[in-house]
Amino acid sequence: MNYVDFNASAWDAIASPGKEDGRACFTLPISHEDYLQAQKGALEVSLTSAKKVPADWFPPLRGQKILGLASGGGQQGPVFAAHGADVTIVDISEKQLESERAVADREGYPITILKCDMQEPLPFADHSFDIIFNPVSNCYIENLFPIWQECARIIKPGGILMAGFVKEEHFMFEPDFTKDKALISVHKLPFNSLRDLSPERKQEMVKNKEPFTFSHSLTEQLGGLLKTGFILTDLYEDGDGGGLFDAYMNSYVAIRVVKK
């Protein structure tokens with residue numbers, strides 16, 4: 001199985017009406033009213049789940065070239081466009097990109113939209129962007145370091161990369177539905193759903209269009225960014241905003257790094 005193509009089709013399914021999936025909230029584009037608020041100065045975007053990115057993580061956005069990496073769905077791109085940024089969105093899901101196009105057409109702003117596998121070389125020249133914005137997504141890819149290398153190549157010196165990711169320990173656990181709000185430790189780390197799940201469970205995922213996932217260590221996440229020439233300037237942790245894991249841990253980290 002080509003898991004990249006499958007994950008693209010899985011996200012197409014998640015973004016389709018009527019799909020019951022906890023990730024569907026990440027496929028709902030912002031409303032016209034929210035776009036108008038962004039034009040008035042509101043800067044509310046998410047890298048993770050419940051928390052919004054601090055406004056002081058951003059410079060003034062007018063004229064800034066921003067890449068939304070794996071950021072389709074019409075959630076962050078419209079906000080950046082409302083602030084006068086030059087926005088490019090790449091994603092592997094055609095449905096997510098359709099939502100992005102629909103919001104841009106509705107509000108009448110220009111945007112560049114491309115379907116890309118972020119594990120492959122990106123179709124941009126060196127030093128193309130002032131900001132890269134990457135919401136939680138690298139849990140759906142197996143090899144992380146090439147992405148950070150590409151980010152380091154296409155961002156300008158002094159450029160800002162903001163990324164959200166799932167903590168590695170999150171992947172150790174599975175819900176125990178025989179008990180009330182219980183998690184049980186099941187998987188060894190690093191977790192690779194292609195390798196570590198039973199054939200029956202993988203068949204179920206394919207049938208239900210559930211994307212395959214992979215854990216990544218802090219060495220891969222932060223260490224990889226540092227090795228490619230970024231400097232960490234800030235971070236915060238986040239939860240699901242009331243999900244099962246919230247009773248035990250924050251599942252997400254958002255980071256802000258700057259290219260040397």
Novice: Distance-only, no hydrogens or angles: does the Asp86 side chain make a donor-acceptor pair with backbone N or O of Ile66 under 3.5 Å?
Specialist: no
Novice: Using the six-membered ring wherever Trp is involved, compare the ring planes of Phe80 and Phe58 and label them parallel, tilted or perpendicular (cut-offs 30° and 60°).
Specialist: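 Because their plane-to-plane angle lies in the 30° to 60° range, the rings of Phe80 and Phe58 count as tilted.
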Novice: If the threshold is 4.0 Å, N to carboxylate O, is there a salt bridge linking Arg256 and Asp234?
Specialist: no
Novice: Who passes ring pair (Phe, Tyr, Trp, His ring centres under 6.0 Å) against Tyr140, sequence neighbours left out?
Specialist: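 With neighbours one apart ignored, the set is Trp11.
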Novice: Can you list the steps and then say if Phe245 with Asn250 is a side-chain contact (heavy atoms from CB on, under 4.5 Å)?
Specialist: CA-CA 7 Å; Phe245 275 81; Asn250 283 314; over 6 Å; no
Novice: Can we say Arg153 and Asp126 salt-bridge, meaning some charged N sits less than 4.0 Å from an Asp/Glu carboxylate O?
Specialist: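 Yes, this pair counts.
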Novice: Show the numbers, then the answer: is there a side-chain contact (heavy atoms from CB on, under 4.5 Å) between Thr112 and Val87?
Specialist: CA-CA 6 Å; Thr112 301; Val87 181; over 6 Å; no
Novice: Between Asp196 and Ser193, do the side chains contain a donor N or O and an acceptor N or O under 3.5 Å apart?
Specialist: no
Novice: So, using ring pair (Phe, Tyr, Trp, His ring centres under 6.0 Å) as the criterion, who are the partners of Phe191 when residues are at least two apart?
Specialist: Phe171, His187
Novice: Decide salt bridge (Lys or Arg N to Asp or Glu O under 4.0 Å) for Glu210 and Arg201; before the verdict, give the C-alpha distance in whole Å, the side-chain angles of both, and the deciding distance to 0.1 Å.
Specialist: CA-CA 11 Å; Glu210 298 176 52; Arg201 175 63 182 125; 2.8 Å; yes
Novice: For Leu28, does its backbone N or O pair with a side-chain atom of Gln75 as donor and acceptor, under 3.5 Å?
Specialist: yes
Novice: Near Lys95 NZ, under 6.0 Å, is it more than 12 heavy atoms from other residues, nucleotides or ligands?
Specialist: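 At most 12 heavy atoms, drawn from other residues, nucleotides or ligands, come within 6.0 Å of this atom.
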Novice: Out of curiosity, Lys260 NZ to Ile231 CD1, how far, rounded to the nearest 0.5 Å?
Specialist: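 One gets 5.5 Å once the value is rounded to the nearest 0.5 Å.
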Novice: Whether the Glu107 and His32 side chains hold a donor-acceptor pair (N or O, under 3.5 Å, no angle test) is what I'd like checked.
Specialist: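 Indeed, the side chains of Glu107 and His32 share at least one donor-acceptor pair under 3.5 Å.
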Novice: Any carboxylate oxygen within less than 4.0 angstrom of a Lys/Arg side-chain nitrogen, looking at Glu98 and Arg101?
Specialist: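 Result for this pair is no, no salt bridge flagged.
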Novice: Backbone N or O of Gly224 within a donor-acceptor pair of the Thr228 side chain at under 3.5 Å?
Specialist: yes
Novice: Is it true that Asp238 and Lys51 make a salt bridge, defined as a side-chain N closer than 4.0 Å to a carboxylate O?
Specialist: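 Lys51 and Asp238: not salt-bridged.
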Novice: For the backbone of Pro135 and the side chain of Ser137, can you confirm whether one donor and one acceptor N or O come within less than 3.5 Å of each other?
Specialist: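 Checked: pair present.
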Novice: Is it true that a side-chain atom of Asp240 and a backbone atom of Gly242 form a donor plus acceptor pair closer than 3.5 Å?
Specialist: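 Absent.
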Novice: Roughly how far apart are Gln119 CD and Asn143 CG, rounded to 0.5 Å?
Specialist: 5.5 Å
